[in-house]
Each structure stands twice: as C-alpha cells, then as structure tokens.
Amino acid sequence: MFLILAALYESWSLPFSVLLGTPVAVFGAFGVLWLRRIVLAAFLPPYMVQIENDVYSQIGLVMLIGLGAKNAILIVEFAKEKYEHGMGLAEAALEGARLRLRPILMTSFAFILGCVPLWSASGAASVARQIMGTTVIGGMLAASAIGIFFIPAAFYFVEKLADARHQSSPEVLPSPAQGD
C-alpha cells in the first residue's frame, strides 16, 4: 500500500500521513471489542461471553485498514493540492479536513449503520457476525471521530519534517563545463 501511495503522490514522505491514520481505526476496534466483552461479562455468565480477537475480528481489521486509509486519502489529497497551490501548510491541512469532512462523515456513518445488523446478530453463527460487526463499527467510529483531527496533524508534521530534511540536505551543483 505504501508503494502505491508513493506512486500516487510522487513522494516518499506523503504516504506516511495517510498510513498514520490507520492505527486509530485499529485501536478503536480493539477498544470497542474489549468494552463489549467487559459489558457482556457484567450481565452474562462467563461461558456465554465469546467476544474474542479471532479470525473474524482480523477480517474486520483488514477492512478497517482500507477504510481508514480511504478517509485519510480524501483529506491528504485535498491538503496536498492546496499546499501546492501556495496555501500555507497548516491552512492547507485544515482546509483539506474542512472540505472533506462531510463526505467522510456521510460514508462512515452509512457504513456504520449498514453494520448494525452484524452488531446485533442472533441465530446461527451470530457470535462471528457480532465480533465482525463490533470490530468494524468500533474502528470506523474511531477513524471518523479521532481521525478527522489526527490526519491533518499527521499531514502537517510529515510535510514539515520532509521540508526540513530537504532544506538541510546539501544540493549537488553541476560542475562547470570543462574547456569554457
């Protein structure tokens, strides 16, 4: 994914600002899995609490990485465009987040509401669906609520670091032509 983003942005540093948004979704998924397990354990006997980190939660995590990266790409793409057109780095990051806030929230909440039947599944194989629903809902809530603030900050710091590195590295000047 890093190489695809590096080719897309024609930069080795910019994909880091996109990929730094995915741990927010992963931590949100683990947090909600843990929270649901604790809440269920308070009301049900221990043998009925089966919310675990298993293959179903890991499938949900793979999906979250893609969806979290999608949200970050939307913000970073617009922020990069504004920055290249002369806007200041902090203003470009905030403008990218402001412009893409509504589409990100609309797609995230549509996805979350679409996963509510997984969260509240009953019947055969309901535990597997509940685990996957818990994982993706928790991760998307975190990616939407925290990622909106974290991704522009990550873009700002990654670009600031890349600009500082480019300015501090010595440039190789072409040597004068021999015989002039």
Side-chain angles (χ1 to χ4, degrees), residues 1-34 53 55-115 132-175:
M1 185 158 185
F2 178 83
L3 293 177
I4 292 170
L5 290 171
L8 175 70
Y9 292 126
E10 298 174 355
S11 168
W12 289 106
S13 61
L14 204 55
F16 285 113
S17 59
V18 171
L19 295 178
L20 285 173
T22 57
V24 173
V26 172
F27 287 131
F30 283 135
V32 172
L33 273 172
W34 176 78
N53 179 16
V55 69
Y56 297 107
S57 67
Q58 293 168 6
I59 291 170
L61 288 175
V62 170
M63 190 175 3
L64 280 175
I65 290 170
L67 291 168
K70 173 199 65 90
N71 289 350
I73 287 170
L74 288 173
I75 294 173
V76 168
E77 182 74 31
F78 276 81
K80 179 182 179 282
E81 182 181 315
K82 296 292 184 183
Y83 182 57
E84 287 176 349
H85 283 90
M87 190 177 275
L89 188 57
E91 293 83 17
L94 292 174
E95 185 69 14
R98 188 187 66 77
L99 285 174
R100 304 316 296 167
L101 175 66
R102 194 170 103 209
I104 288 172
L105 290 179
M106 287 170 48
T107 56
S108 296
F109 287 139
F111 179 76
I112 290 167
L113 290 175
C115 290
M132 189 177 291
T134 303
T135 303
V136 295
I137 287 175
M140 279 308 290
L141 282 172
S144 301
I146 300 168
I148 291 294
F149 303 107
F150 182 74
I151 293 165
F155 171 76
Y156 175 81
F157 287 117
V158 166
E159 282 299 303
K160 197 70 139 164
L161 193 70
D163 285 346
R165 196 186 79 214
H166 285 297
Q167 290 174 357
S168 67
S169 65
E171 294 185 26
V172 177
L173 299 174
S175 62

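Just so you know, these numbers come straight off a predicted model, no measurement behind them. Just the heavy atoms: all of them, side chains too, but no hydrogens, waters or symmetry mates, feed the values below.
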Which of parallel (below 30°), tilted (30 to 60°) and perpendicular (above 60°) describes Phe2 and Phe16? tilted
What pairs with Lys82 under salt bridge (charged side-chain N to carboxylate O under 4.0 Å, His left out), at least two apart in sequence or on another chain? none
More than 12 non-hydrogen atoms from neighbouring residues, nucleotides or ligands closer than 6.0 Å to CD1 on Ile4, yes or no? no
Taking the side chain as every heavy atom from C-beta outward, state whether Ile151 and Val76 have any atom pair closer than 4.5 Å. yes
I'd like to check Leu5 versus Leu19 (side-chain heavy atoms, cut-off strictly below 4.5 Å). Are they in contact? yes
Can you list everything that forms a side chain to side chain donor-acceptor pair (under 3.5 Å) with Thr22? Sequence neighbours excluded, please. none
Using a 4.5 Å cut-off on heavy atoms from C-beta on, say whether the side chain of Leu64 contacts that of Thr135. yes
Listed partners of Glu10 passing salt bridge (charged side-chain N to carboxylate O under 4.0 Å, His left out), at least two apart: none
Residue Phe27 excluded, over 12 heavy atoms near CZ under 6.0 Å: no
What's the spacing between Ile73 CD1 and Leu8 CG if we round to 0.5 Å? 7.0 Å
Please check: side-chain N/O of Thr107 versus main-chain N/O of Ile104, any donor-acceptor pairing under 3.5 Å? yes
NZ/Lys160 to CZ/Phe157 distance, rounded to the nearest 0.5 angstrom? 9.5 Å
Approximate separation, where rounding is to 0.5 Å, of Arg100 CZ and Ile75 CD1: 9.5 Å
Would you compute the distance between atom CG of Leu94 and atom CZ of Phe149 and round it to the nearest 0.5 angstrom? 11.0 Å
Any side-chain heavy-atom pair from Ser13 and Glu159 closer than 4.5 angstrom? yes
Closest heavy-atom pair and its distance - Gly96, Phe78: CA-CB, 4.0 Å
When every non-hydrogen atom of Ile148 is compared with those of Pro152, the smallest separation belongs to O-CD, 3.1 Å
OG (Ser17) and CG (Leu161) are apart, to the nearest 0.5 Å, by 11.5 Å
Should Leu33 and Ser57 count as side-chain neighbours, where that means a heavy-atom distance under 4.5 Å? yes
Between Tyr83 and Glu95, is any pair of side-chain heavy atoms under 4.5 Å apart? no
If you compare all heavy atoms of Met140 against all heavy atoms of Ser108, which two are closest, and at what distance to 0.1 Å? CE-OG, 3.3 Å
Which heavy-atom pair separates Phe111 from Val136 by the least distance, and what is that distance? CE2-CB, 3.9 Å
Does any non-hydrogen side-chain atom of Asn71 lie less than 4.5 Å from one of Leu67? no
Looking at Ala69 and Met1, what are the two nearest heavy atoms and their distance? CB-CE, 3.0 Å
In Leu61, Val55, Ile59, the residue satisfying side-chain contact (heavy atoms from CB on, under 4.5 Å) with Met132 is Ile59
Pairwise distance CE(Met106) to OG(Ser144) - rounded to 0.5 angstrom: 13.0 Å
Taking atom types as modelled, is there a side-chain donor on Ser11 or Lys80 under 3.5 Å from an acceptor on the other? no
Contact between Phe155 and Leu14 at the side-chain level, heavy atoms closer than 4.5 Å - yes or no? yes
